[in-house]
Undergrad: 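The following block contains the structure, expressed as structure tokens.
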There are 2 protein chains.
Amino acid sequence: MDYKAILSQKGHRLSEPRKQVIELLQQSKVALTPQQIHQALQQKNCKLGLVSVYRTLELLTELGLVTVVYDPQLNPGYMLSTLGHHHHIVCQGCHKAFEFAGSNDIDQLIKRVEKETSFQVSDHLLQLFGLCPDCQQKATGGGF
Amino acid sequence: MDYKAILSQKGHRLSEPRKQVIELLQQSKVALTPQQIHQALQQKNCKLGLVSVYRTLELLTELGLVTVVYDPQLNPGYMLSTLGHHHHIVCQGCHKAFEFAGSNDIDQLIKRVEKETSFQVSDHLLQLFGLCPDCQQKATGGGF
DNA sequence: AATCTAATTGAAAACATTTTTCAATAAGGA
DNA sequence: TCCTTATTGAAAAATGTTTTCAATTAGATT
Ligand SMILES: [Mn+2]
Ligand SMILES: [Mn+2]
Ligand SMILES: [Zn+2]
Ligand SMILES: [Zn+2]
């Protein structure tokens, strides 16, 4: 079941702007800001307003199909997500981001913090940062 | 060693705006946006420009003394941080946020993801969300 | 295929946030 | 007290987001 199918299944129309935003995000390896999405589509001769980009991202976020990815060096951007429990790992060199499956690894941490704080934890935000294989090479092999 | 001391120790001047922003953040239990900081200080009859709030937050962030706290329902805000490895837990009811000590709990997760992705992980962003003790009461006891 | 209707769009304006600029100020050392 | 220069504030510019509303169009109905 692909993103467009999910959209229409939930009773939302398959408009041209929505199709274009989704297709662009499907191809992108980096999180994109609304402006970046708008510009990229303009260059592909897709006429659509920046407003529609915002509205599409809002809708897709509601449906859980896109995720905000934070990157200290960049404005927050959006990426398509597969459904289910997962997080993102972001390259500090080229800013490519990838999903990884969430696990129960932080369950113990959550239990600990619940005890310490008396909070009832129901959600979490987790991202990893580092260097992707390509950027590791550039970093070490850079001298010669 | 308090925040003001650290500031001046690093060769930064202890200006009135900086003192005021730090003191306000020290008292606050919620992450504050630049605007909120500015308004709060105006009401305390501290004359300072919004620009100085931005500049102070930028400096304190560089020094690692403040941390950005994300809250899906709010604009990102700033909180003072103690030095060292820690993260924040945010109440989805009253938006109060608290630090908790970072641990090696996610080391295994990081190892796993490094193997899966061939990334070299060097940093991470982790926040927990839930209900603080007070808001748990309001939620359960709310009926009568 | 033509018609209908409400969801969706785009353009513009309004609103909000952040950064830049630069002359005036003031912190802290001499 | 004087000096130097980091820092400030006001204004403008730049950037980012939301609202409004008439025009369009996706998809259902005939
Ligand atoms: Mn997880
Ligand atoms: Mn940690
Ligand atoms: Zn990379
Ligand atoms: Zn609470």
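Every chain is numbered from 1 and lettered A, B, ... according to where its sequence line falls, protein lines coming before strand lines.
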Undergrad: Pull out every residue in residues 10-32 of chain B that has a heavy atom closer than 4.0 Å to any atom of DNA chain D, ordered by number, or say none.
TA: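 Heavy-atom cutoff 4.0 Å gives B/His12, B/Arg13, B/Ser15, B/Pro17, B/Arg18.
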
Undergrad: To the nearest 10 degrees, what angle separates the axes at the start and end of the helix from C/dA1-D/dT30 to C/dA30-D/dT1, five pairs each?
TA: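 Comparing the first five pairs with the last five, the axes sit 40° apart.
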
Undergrad: Can any side-chain N or O of B/Tyr3 pair as donor or acceptor with the backbone N or O of B/Ser81 at less than 3.5 Å?
TA: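 Checked: pair present.
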
Undergrad: Looking at B/Gln108, I'd like to know if its CD atom is crowded, meaning that more than 12 non-hydrogen atoms belonging to other residues, nucleotides or ligands lie closer than 6.0 Å.
TA: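 No, CD of B/Gln108 has 12 or fewer neighbouring heavy atoms, counting only those of other groups under 6.0 Å.
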
Undergrad: May I ask you to test the B/Pro34-B/Tyr78 pair for a side-chain heavy-atom distance under 4.5 Å?
TA: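 Answer yes - side chains close enough.
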
Undergrad: Whole angstroms only, please: what is the CG-P distance between A/Leu50 and D/dT15?
TA: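 From A/Leu50 CG to D/dT15 P: 14 Å.
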
Undergrad: Closest nucleotide of DNA chain C for B/Ser8 versus for B/Val51: which of these residues is on the 5' side?
TA: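 By nearest-heavy-atom nucleotide position, the 5'-most residue is B/Val51.
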
Undergrad: Take atom OH of B/Tyr54 and atom P of D/dT8, then tell me their distance rounded to the nearest Å.
TA: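 The distance from OH of B/Tyr54 to P of D/dT8 comes to 16 Å, rounded to the nearest Å.
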
Undergrad: At a heavy-atom distance below 4.0 Å, what parts of residues 55-67 of chain B sit against DNA chain D?
TA: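 Within this stretch, B/Arg55 sit under 4.0 Å of the strand.
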
Undergrad: Look at A/Glu116 together with A/Arg112 and state whether they make a salt bridge at an N to O cut-off of under 4.0 Å.
TA: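 A salt bridge links A/Glu116 with A/Arg112.
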
Undergrad: Evaluate the side chain to side chain donor-acceptor pair (under 3.5 Å) criterion for residues A/Gln27 and A/Glu23: first the C-alpha distance (whole Å), next the side-chain angles of each, then the deciding distance (0.1 Å), finally the verdict.
TA: CA-CA 7 Å; A/Gln27 297 163 10; A/Glu23 275 179 20; 5.1 Å; no

Undergrad: Let me check something: any side-chain donor-acceptor pairs from residues 43-60 of chain B under 3.5 Å, sequence neighbours excluded? List them with distances.
TA:
from: B/Tyr54; atom 1: OH; to: B/Gln35; atom 2: NE2; distance (Å): 3.1
from: B/Thr56; atom 1: OG1; to: B/Ser52; atom 2: O; distance (Å): 2.8

Undergrad: Under 4.0 Å from any heavy atom of chain A: name the first and the last nucleotide of DNA chain C that qualifies, 5' to 3'.
TA: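 So the outermost contacting nucleotides come out as C/dA6 to C/dA12.
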
Undergrad: For A/Phe129 and B/Phe119, run side-chain contact (heavy atoms from CB on, under 4.5 Å): C-alpha distance rounded to whole Å, both residues' side-chain angles, the deciding distance at 0.1 Å, then the answer.
TA: CA-CA 9 Å; A/Phe129 299 94; B/Phe119 265 64; over 6 Å; no

Undergrad: Hydrophobic cluster mates of A/Leu131, side-chain heavy atoms under 4.5 angstrom, ILVMFWY only, any path?
TA: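 None; A/Leu131 is a cluster of one.
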
Undergrad: Could you tell me if A/His85 and A/His87 have a donor-acceptor pair between their side chains, going purely by distance under 3.5 Å?
TA: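 There is such a pair between these side chains.
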
Undergrad: Rounded to the Å, how far apart are B/Asn75 CG and D/dT18 C1'?
TA: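 The answer, rounded to whole Å, is 13 Å.
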
Undergrad: Tell me whether A/Gln36 contacts the main-chain N or O of A/Thr33 through its side chain, where contact means a donor paired with an acceptor under 3.5 Å.
TA: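 Indeed, once roles are kept as given, a pair shorter than 3.5 Å links the two residues.
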
Undergrad: Look only at the side chain of B/His86 and the backbone of B/Gly84, and say whether a donor-acceptor pair between them is shorter than 3.5 Å.
TA: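 Confirmed, B/His86 side chain pairs with B/Gly84 backbone.
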
Undergrad: Report the distance from atom CD of A/Gln35 to atom C1' of D/dT17, rounded to the nearest whole Å.
TA: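 Rounded to whole Å, this separation is 8 Å.
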
Undergrad: For a side-chain contact (heavy atoms from CB on, under 4.5 Å) with A/Leu65, tell me which candidate from A/Leu25, A/Ile22, A/Thr82, A/Leu83 qualifies.
TA: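 Going through A/Leu25, A/Ile22, A/Thr82, A/Leu83 one by one, the side-chain contact (heavy atoms from CB on, under 4.5 Å) with A/Leu65 is satisfied by A/Leu83 alone.
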
Undergrad: Could you tell me whether the side chain of B/Glu114 and the main chain of B/Val121 form a donor-acceptor pair under 3.5 Å?
TA: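 Looks like yes, one N/O pair under 3.5 Å.
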
